[in-house]
Each structure stands twice: as C-alpha cells, then as structure tokens.
Protein chains: 2
Amino acid sequence: MTTGVRNARPPQPTLEMVAAEAGVSRATVSRVVNGSPKVRPEVVVSVTAAIERLNYVPNRAARSLASRQTQSVALVVPEDMTKFFGDPYFAAVVQGITQRLDESDYTLNLLVASSDPRHKTMRYLRAGNVDGALVISHHTGDNFVADLESTMPVVFGGRPTNDSGANNYFVDVDNIAGSMSGVQHLVDIGRHRIGTITGPVDMPAGIDRLTGFRQVLESAGLPTDAVEHADFTASGAAAATRRLLERFPDVDAIFVASDLMATGALGVLAEQGRAVPGDIAVVAFDDSPAATSGPIGMTTVSQPSKEMGFAMADLLLRLLADDETVPHRNIMPTRLILRESA
Amino acid sequence: MTTGVRNARPPQPTLEMVAAEAGVSRATVSRVVNGSPKVRPEVVVSVTAAIERLNYVPNRAARSLASRQTQSVALVVPEDMTKFFGDPYFAAVVQGITQRLDESDYTLNLLVASSDPRHKTMRYLRAGNVDGALVISHHTGDNFVADLESTMPVVFGGRPTNDSGANNYFVDVDNIAGSMSGVQHLVDIGRHRIGTITGPVDMPAGIDRLTGFRQVLESAGLPTDAVEHADFTASGAAAATRRLLERFPDVDAIFVASDLMATGALGVLAEQGRAVPGDIAVVAFDDSPAATSGPIGMTTVSQPSKEMGFAMADLLLRLLADDETVPHRNIMPTRLILRESA
DNA sequence: ACGGGTTGTGAGAGCGCTCTCATTTTGGGT
DNA sequence: ACCCAAAATGAGAGCGCTCTCACAACCCGT
C-alpha cells in the first residue's frame with residue numbers, strides 16, 4: 001500500500017509552497033495565477049519566477065471546490081460509439097466546438113452514451129464535473145435532458161424535440177428549407193419518381209428533412225409515397241435503399257437525408273447496376289467529407305457543421321459568462337452544392 | 001451578476017444536508033455512499049432514503065480534493081481532430097477502452113491535440129484532472145510523455161518510441177510479424193514487384209511494418225526499393241500511391257500499412273485503370289470497417305484493435321489499483337484475413 | 001456480573017484553492 | 001511635513017468531502 005505505484009509519485013507543488021518560495025501570502029500567489037491587476041509588477045515577477053522554479057500547476061479539484069466552477073463543459077451524444085465515430089458530421093461539429101473552446105480556457109468532456117445516459121452520464125454531470133453542456137443528436141426519448149437543464153446551462157445542436165418556446169438554446173439549420181432546395185433540384189432536372197431515405201423519425205433533423213421532401217413533391221404534383229426510414233448509418237441506408245428499390249423499381253431519383261447514408265445508398269445502386277446520375281440521381285445532406293471521398297461526387301445540401309459546433313460552444317460560453325443578451329436560437333444557412341450525383 | 005443565468009440554478013444538496021436529513025453524522029453518510037461494510041443495515045436504509053429524497057449526488061471536486069483521486073483517466077491522442085475521427089482504427093480502440101471503463105467507475109477524458117500538447121494538455125493532466133493516462137498514436141517527437149510518466153501511471157497503445165526497457169507499460173501487436181505475414185502472402189501468390197505505402201516513420205507502427213516488408217522481400221530475393229511514405233490518412237496514401245506508380249509502373253502488388261490508407265490507394269488504382277487484384281494485388285493492415293466498406297474487400301492483417309483498447313484500460317486500472325503483478329507489455333496476435341484484394 | 005474485544009458512529013482535522021475583509025503600504029495634495 | 005484616499009497585501013474562513021482517531025455500544029466467555 002505505501003509503496004504502491006500510485007503513491008510513489010512525488011506530490012505536486014501547492015499554492016502554499018509557491019507562496020513560501022516567493023515570500024508572499026497565498027492570496028497574492030492566487031492573484032498572480034489568476035491575473036489580477038492589483039499586484040505590484042515586481043511581485044508578479046518574483047511570484048512568476050517561483051511558480052516556474054517549482055513547476056507549479058494549480059490543482060483543479062481545489063480550485064473547482066472553492067470557486068464553484070470547473071472550467072469545463074460536456075458534449076453529450078446520446079448515440080453509441082460506432083455511430084458517433086462513423087459519421088463525419090460529428091467530427092466536424094466536434095472540431096468546431098474545440099476550436100471555440102481552445103480560444104477560452106474551458107476544456108471539453110466528451111460523453112458518448114446511448115445505453116443509459118440517465119444514469120452514469122447524468123450522475124457524472126450532476127456531480128459538478130462541468131459548468132454546462134452541449135447536446136447533439138438528441139432523440140425524442142431522451143428526456144433526461146429536462147433534468148439536465150435544471151442543473152446547468154445547456155445548448156443543443158439541432159432543435160430539441162421538446163422545444164418549449166423560449167426556454168431552450170440551440171443552433172440549427174433550417175432542415176425543411178434545406179431539404180426543399182435539394183429535392184427541388186431533383187424536380188428541376190426533370191425527375192418525377194423521387195424517393196427518399198430518411199433519418200430517424202424521432203429526431204427533428206429526420207422529420208424536418210422528410211417534411212421538406214413532401215412539401216416540394218406535393219407542390220410539384222408528384223407522388224410522395226416512396227419513403228424508407230433509416231438511422232443515419234451507411235448500412236441502415238443500404239438496407240433502406242434495397243427496400244425502396246424493391247417497392248418502387250421505377251424511382252429515378254433519391255433524396256438521402258445524410259451524406260453518410262448516401263454512401264450506403266450509392267453502394268447498393270452500384271451493386272444493382274443502376275447508373276448514377278443516369279438511371280437514378282442522388283441528392284444528399286451535410287456536405288461532409290463523405291460527399292467527396294467516394295467515386296462519384298455527391299450533390300448535397302451543405303450545412304456548416306463545423307461552424308455550428310463553433311456557434312454552440314460560443315453560445316454556451318456566453319451563457320456561462322452570464323451574458324443576458326444571447327439569442328436563444330441560431331439558425332444557420334444551408335446551400336445546395338452541385339456535383340456529379342445529380 | 002446575482003441574477004445571472006448560472007447563479008440562478010438551485011444549489012445541489014451536500015453530504016451535510018443528507019446527514020441532517022437522516023439524523024446521522026457526515027462520516028456515516030460518507031460510509032454509506034462509499035459502500036463501507038461497517039454501517040448497521042437499518043442505518044444504511046435510512047441514509048439511502050435520505051439520499052433518494054434529496055436527490056443527492058456527491059460533489060466530485062470535493063471528493064477528489066479530499067481523497068486525492070479523480071476516478072477518471074485520460075486518453076491522449078497527439079494527432080489532430082480530423083485524423084483522429086477519420087480513422088476507424090481509433091474508433092475501435094476507444095470502444096475497447098470505454099467498454100473496460102464502463103465496468104469500473106472510472107470515466108474517460110478524451111484529449112485530442114497535436115498543436116501543442118506540451119502546454120494545454122500537459123497542464124490539464126498535471127492539474128490533477130485524471131489519475132492516469134492512456135497514450136495512443138505516439139510519435140518520436142512527442143517527448144512530453146516523459147514528464148507525464150513522472151506524474152501519473154501511463155499506458156501506451158503501441159510500443160512507445162523511447163521504450164527504455166522495463167519502465168513503460170504498453171499494449172501492442174507484433175507489427176513486424178504481422179506485416180511479414182501480409183507481404184509473404186503477396187510473395188506466395190506469385191507477385192514479384194512488390195511496393196509499399198508506409199505509415200509515418202516517426203512511429204513504431206510505421207517503422208516496424210516497413211521492416212517486416214523488407215525482411216520478407218529480402219529473404220525472397222526480391223527488390224525492396226518500391227517504398228513510399230505516407231501519414232496514415234487516405235489522402236496521404238493516395239498521393240503516395242501516385243508517386244509509387246510513377247516511379248515503379250511495373251508494381252504488381254502493394255502492401256499498405258493501414259486499411260484507411262488502402263482506401264486511398266484503391267481509389268488511385270481505380271482511377272488509373274489498374275485492376276485489383278488482377279493488375280495489382282493489395283494487402284492492408286488493421287481489419288477495420290474500412291476494409292470491407294469499399295467495393296472490393298481488402299485482404300488485410302487483422303489486429304484486435306478493440307481488444308487492445310480494452311487491454312490498455314485494464315492495464316491502467318490495475319496500475320491504479322496498485323497491482324504490482326501487472327505485466328509491462330501485452331503483445332496481442334495478428335492474423336491475415338484473405339478477401340478479394342489479394 | 002465483569003473485563004476485553006469487536007463493531008458502529010461521531011468529532012474534527014485537513015485536501016488546495018478562492019474570496020471577503022481588515023490591515024498595511026503607497027502616493028498625492030496641501 | 002501631515003493627512004487621507006487609493007492601492008497592495010495578508011489573515012482566515014470556508015468549499016464538500018475523506019479519513020483517522022477516539023469514543024460508545026454491543027457481544028462473548030467466564
């Protein structure tokens with residue numbers, strides 16, 4: 001026990017030790033560490049030197065306990081690992097978030113957990129590990145979020161399912177308008193048997209993109225029945241595409257609710273010998289790297305994923321800084337990107 | 001300030017409050033919370049009830065400060081975000097790690113940072129945020145690790161570059177033997193102009209897989225000059241493949257040091273009209289989802305990435321539990337998986 | 001009935017930091 | 001020189017928890 005691996009490490013220097021080394025009080029060292037302006041420059045210098053000499057780093061637990069802040073925020077993703085890592089959309093969002101956070105001195109805690117977020121994750125969050133939370137990929141069933149919001153500031157990526165007016169903060173794109181622009185393009189190039197592979201219908205992004213699809217086809221007087229649901233994964237979309245092709249062998253265009261899913265769809269199309277865009281035109285959503293990494297560049301509805309991550313983090317940080325002027329919602333623009341697939 | 005967003009939240013209940021509610025002392029509540037056996041069952045019941053009633057969750061900062069443990073570990077990845085998210089190998093490792101951690105009550109902190117790990121990341125780690133660290137994708141230049149090791153237990157994924165004998169703990173596969181099995185297969189199927197796309201030569205995995213390549217070709221009396229270096233990314237490998245084809249138009253087989261890179265190579269091969277495996281056979285390394293997600297299944301050297309993650313976490317946890325019997329290295333097996341590409 | 005273990009519980013001292021005050025020092029203004 | 005405001009510093013009380021002791025309550029054997 002006393003000679004154990006962990007206990008064998010030399011203890012880290014403390015504020016107290018720095019104070020002794022510099023010949024000042026703890027309070028003064030604390031001021032220097034926190035950049036308080038009311039310390040004589042010469043004292044700052046000597047304290048800084050002492051810190052340097054001892055290689056001092058403030059203890060986070062002590063600091064959190066005393067200041068009641070952790071200087072870190074969580075990114076909660078109620079999905080399983082594979083889904084999270086598999087979709088480049090998440091990569092982009094995380095990149096945006098870290099980019100904003102890097103400008104601050106907050107750190108990010110990634111919490112990926114579908115299994116039982118209500119328990120381990122909630123416990124972690126409520127234990128005061130973070131000052132605020134970002135939630136992406138939020139499903140209807142994830143009602144743990146309500147509890148979360150009573151505990152700390154929360155910012156959503158994508159309109160939350162229980163958007164109760166002005167209570168939530170979120171960053172999103174107009175999924176309906178976005179998907180409409182994509183489907184409209186399909187109509188414009190003369191397709192008239194248009195199908196869709198949707199996202200999960202328990203997520204606003206899934207629902208809204210389907211709504212956009214329907215609206216365009218209805219006002220164009222085209223049938224809206226060629227719909228297959230999938231789960232934002234490539235394999236799920238592949239299966240859905242097979243079902244779609246089975247039910248509607250005559251489709252000449254497919255609107256797929258995400259790039260990743262489109263890669264799955266494209267695979268099935270190739271496998272079945274349907275030429276893209278010749279036989280079947282494909283429009284996707286996201287404009288992630290997945291849209292350009294395959295053999296055919298995808299025409300896709302671009303959403304600024306990275307910027308959305310950045311905006312989410314920015315919103316949360318302002319909330320944490322007690323900025324009363326932050327807007328509750330930040331709807332960012334989409335843009336149709338034309339490539340080979342349509 | 002006093003009515004700010006953050007401060008408006010109701011304060012969390014404390015141990016003290018639970019003690020009052022249950023009519024016992026702080027110490028007793030602490031014992032119940034930590035599952036100490038020396039509390040009368042009836043007291044356990046009443047304290048548990050009080051905890052339930054108040055919806056109490058222990059404050060982590062206070063607990064860490066007092067116990068000098070955080071119950072969390074870091075996964076340090078000295079790469080940039082895109083590289084990390086882009087490679088399914090990492091996904092598998094992370095999955096293995098979280099799987100092991102989920103069995104414990106440690107939590108994971110993901111630290112992905114190439115830019116300046118020496119600073120922000122080291123500061124974070126040294127601030128006592130975690131009890132131990134896992135390091136993957138370690139490059140020669142990443143000498144910050146030495147400092148880390150003097151602070152807390154560290155387990156590496158992949159042999160560390162400065163493997164100074166018995167000081168480090170790591171989980172790895174025998175990259176040399178693994179790549180040898182892959183290249184040998186190429187020789188066995190009668191290829192005699194074999195090239196390779198390597199990983200970064202500042203990483204053991206990159207170096208060792210190249211070494212295996214050379215050893216097989218040398219003992220087969222074949223030339224070992226068709227070597228192009230890449231960086232474990234698809235695009236880097238694509239560029240390297242172009243260079244390789246340019247320099248050695250007559251190659252009839254390529255050993256690529258990772259599946260992800262092989263997807264890049266395969267793309268170039270397709271683009272240049274070289275049939276796989278007809279004109280050029282391809283053997284990769286990893287056996288990640290990338291090996292089977294493309295049009296041609298890849299023959300690849302399988303390494304148990306997820307199990308490696310699990311083993312890393314397991315090793316670290318045992319280290320943290322002062323288990324003196326843990327082995328310093330855990331070398332796991334590779335296995336050649338035959339698919340269409342060779 | 002009584003000493004001598006157990007066993008369960010409480011008191012209290014920290015863990016390393018922040019932050020409010022009180023106190024000391026400094027720097028004009030006259 | 002003197003006084004007083006302003007600036008710089010220090011003392012000390014927590015933050016919410018753990019953990020070591022000391023103590024109280026109970027068990028057994030004799």
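Everything numeric in this text was worked out from a predicted model, so none of it was measured.
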Which is true for B:V24 with a 4.0 Å heavy-atom rule: it touches a base, it touches only sugar-phosphate, or it touches nothing? sugar-phosphate
Just call it for B:V43: base, sugar-phosphate, or nothing, with non-hydrogen atoms closer than 4.0 Å on any strand. sugar-phosphate
Closer than 4.0 Å, any side-chain N/O of B:T28 to the OP1 or OP2 of C:dT9? no
N/O (side chain, A:S30) to phosphate O (OP1/OP2, C:dC17) under 4.0 Å: no
Side chains of B:L111 and B:L125: closer than 4.5 Å at any heavy-atom pair? yes
Do B:V43 and B:V24 come close enough that some side-chain heavy atom pair is under 4.5 Å? yes
With nearest nucleotide decided by heavy atoms, which residue, A:R40 or B:R31, maps closer to the 5′ end of DNA chain D? A:R40
NZ of B:K38 versus P of D:dA25: gap in Å, rounded? 18 Å
Distances for protein N/O vs nucleotides 14-16 of chain C N/O pairs under 3.5 angstrom?
{"from": "C:dC15", "atom 1": "O3'", "to": "B:R68", "atom 2": "NH2", "distance (Å)": "2.8"}
{"from": "C:dC15", "atom 1": "O2", "to": "B:A66", "atom 2": "N", "distance (Å)": "3.3"}
{"from": "C:dG16", "atom 1": "OP1", "to": "B:R68", "atom 2": "NH2", "distance (Å)": "2.1"}
{"from": "C:dG16", "atom 1": "N2", "to": "A:A62", "atom 2": "O", "distance (Å)": "3.3"}

Indicate the atoms forming the closest heavy-atom contact of A:R100 with A:F310, along with that distance. CD-CZ, 3.5 Å
Between B:F84 and A:F85, how do the two ring planes meet: parallel, tilted or perpendicular, split at 30° and 60°? perpendicular
Looking only at side chains, do B:N109 and B:Y124 share a donor and an acceptor under 3.5 Å apart? yes
Given D:dG10, C:dG10, D:dA8, identify the nucleotide with an atom nearest to the side chain of B:A27. C:dG10
Regarding the side chain of A:V39, the nearest nucleotide among D:dT9, D:dT18, C:dG10 is D:dT9
Donor-acceptor contact present, side-chain A:T98 to main-chain A:V94, <3.5 Å: yes
